[in-house]
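I have placed the structure first, in the form of structure tokens, so that the comments after it can refer back to it.
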Amino acid sequence: MSSFPPVSEQMELLLRGAVDVVSGDSLRQRLEESRDENRPLLVKTGFDPTAPDLHLGHAVLLRKMAHFQQLGHRVLFLVGDFTAMIGDPTGKKATRPQLSRDEVLANAATYQEQAWKVLDRDKTEILHNSEWLSRLGAEGLIRLAGSYTLARMMEREDFRARFENHEPISIHELLYPLTQGYDSVELKADVELGGHDQLLNLLVGRDLMRARGLEPQIALTVPLLVGTDGAQKMSKSLGNAIAFEDSPREMFGRTMSIPDSLMWDWRLLLTDLDEAEIDRQKAEVESGDASPREVKADLAHDLVRRFHDREAADEARAEFDRMFRRGGVPDEIETRAVPAGQALFAVIADTGLTESRAEARRLIQQGAVRIDGEKVLDPFFPLPCASDALLLKVGKRRFLNVRPG
RNA sequence: GGAGGUGUGGCCGAGCGGUCAAAGGCAACAGACUGUAAAUCUGUCGGGCAAAGCCCUACGAUGGUUCGAAUCCAUCCGCCUCCA
């Protein structure tokens, strides 16, 4: 008797949201073997822990790993402590900085701490690729390099683009896909997961495995999540990310700010809602039977619940309604003491609501600043003495209570 | 090894020795309209100053020429191209 669910059921879950599967047939076949022999598949995912703040973009891949876990397969969380020191060139227009070993290990620890919000910690095996890669030595590395060609490497769009644009490509960057592929050889992985941009790296792994007489791994990729700007892939440096660690309010609000057209992707990739149900909602919104705002709020609620808890999600939603639908203010606003009679622009800048006094003046003149709901256009407006705190509002979302005295 | 090119604000990209805090685009921010969506329109977009002006800092780095340098010169650093 097998402990694994039927293969068709497994396939459905595993292929949800996937971009590439090389190949679907071999995945099915291997799942069948696994089920027949009652042996879990070995699923490898490499992490290059350069950015310790996880965001929803990372969640897509972690969720795919979680799917394999749910089905009873062995999921390896491979810390690329060796490869991180090389710096993965994928998708970068510039050479990545090479990190020290200590930085990498510290990042990896932070990374994992957050990853357990999505992955089942007890079912995750953690390995570090320095274990075998540092043993490889110069000779081993050169031999490894001998099994691939420059032409094949240059098939990669990011390398090619950089080459054609006369941008630098360091030799060490060419070694990255090879070392990553070597990990698969070493682990004899059945499946390797990665973002869509990793496809070529995963395929290098297949080639290297085949060359050594191993059954090549199945490459399965997930899409790169588009960020809150609706245009570029989610990334902290582009400011379009929602971090696992963001507060419920922030997570809810930032989700509400995504373009409507994006919410279906997010639904599919970040939540468990049935694909059929997603399609149904989409049809309803398109026909005007459902409000896109409400559908998006459900999504936001779902995400907050997932990364915080149900209560936090309820609160975030209620607060959002209060603030933005009814023009109210948030529950908790920090209160600061400020000198009475000080000019408004100085107060705003000095309390950090704006980055500079010049910016404060401009915003006031543009009508972006309100005191207790009253628009004030004079930057030199002196803050009156008041027994109660005054509510300062700058733009739509910056609030502060000040108590002049 | 030889020859040449290039380095400007978050990004791309103009820039004649003075009129350059530096065109234009993107992004961002604010206002209007809204659903903190999209689209559209308007404005802002180094810092300081009760300010249509003045001052400070800034065009890879350091020096220099000049009354005056993003613009010219030297050295250094980074990057690229061609030839070998």
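To find a chain, count down the sequence lines: A is the first, B the second, and so on, and within it residues start at 1. These numbers come from the heavy atoms of this one structure, side chains and all, not from hydrogens, waters or symmetry mates.
With a 4.5 Å cut-off on side-chain heavy atoms, A:Phe381 and A:Val369 do not count as touching. Inter-residue side-chain proximity for A:Asp190 and A:Val43 is flagged as unmet; no heavy-atom pair is nearer than 4.5 Å. A 4.5 Å side-chain heavy-atom check between A:Leu187 and A:Trp132 finds at least one atom pair inside the cut-off. The side-chain heavy atoms of A:Thr179 and A:Asp183, taken from C-beta on, include no pair separated by under 4.5 Å.
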Given the rule in the salt bridge (charged side-chain N to carboxylate O under 4.0 Å, His left out) test, do A:Asp302 and A:Arg267 qualify, once you have shown the distances and angles that lead to the verdict?
CA-CA 9 Å; A:Asp302 207 350; A:Arg267 256 294 177 209; 2.7 Å; yes
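Using a 4.0 Å heavy-atom criterion, one finds that A:Gly253 contacts the bases of the nucleic acid, with or without backbone contacts as well. Counting any heavy atom pair closer than 4.0 Å across all strands shown, A:Arg249 reaches no nucleic acid atom.
Atom name P, nucleotides B:C45 and B:U6: the rounded distance is 32 Å, in whole Å. Separating the C1' atom of B:G4 from that of B:C20 is a span of 30 Å, rounded to the nearest Å. On the C1' atoms, B:A14 is 15 Å away from B:A21, given to the nearest whole Å. A gap of 12 Å separates the C1' atoms of B:G46 and B:A22, to the nearest Å. Here the separation of B:C72 from B:A28, taken at their C1' atoms, is 37 Å to the nearest Å. When the C1' atom is compared between B:G78 and B:U62, the two are found 15 Å apart, to the nearest whole Å. If you take atom P in B:G53 and the same atom in B:G63, they sit 33 Å apart, rounded to whole Å. B:C59 and B:A70 are spaced 8 Å apart, taking the P atom of each and rounding to whole Å.
A:Gln180 and A:Glu192 share a side-chain donor-acceptor pair at under 3.5 Å.
Between atom CD of residue A:Gln232 and atom CG of residue A:Asn240 there is a gap of 6.5 Å, rounded to the nearest 0.5 Å. Distance CG/A:Leu54 to CH2/A:Trp116: 11.0 Å, rounded to 0.5 Å.
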Restricting to nitrogen or oxygen on both sides, can you table the protein-nucleotides 37-41 of chain B pairs closer than 3.5 Å?
from: B:A37; atom 1: O4'; to: A:Lys296; atom 2: NZ; distance (Å): 3.3
from: B:A37; atom 1: O2'; to: A:Ile258; atom 2: O; distance (Å): 3.1
from: B:A37; atom 1: O2'; to: A:Pro259; atom 2: N; distance (Å): 3.3
from: B:A37; atom 1: O2'; to: A:Asp260; atom 2: N; distance (Å): 3.4
from: B:A37; atom 1: N3; to: A:Asp260; atom 2: OD2; distance (Å): 3.3

Short heteroatom pairs, N/O only, protein and nucleotides 21-23 of chain B, under 3.5 Å:
none

Contact list (N/O, under 3.5 angstrom) for nucleotides 42-46 of chain B vs protein:
from: B:G43; atom 1: N2; to: A:Gln366; atom 2: OE1; distance (Å): 3.1
from: B:G43; atom 1: N3; to: A:Gln366; atom 2: OE1; distance (Å): 3.0

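Under 4.0 angstrom from either OP1 or OP2 of B:U36 there lies no side-chain N or O belonging to A:Arg254. Phosphate proximity of B:U34 to A:Arg293: absent, as no side-chain N or O sits under 4.0 Å from OP1 or OP2.
Mapping A:Phe345 and A:Met263 onto RNA chain B by nearest heavy atom places A:Met263 at the nucleotide closer to the 5' end.
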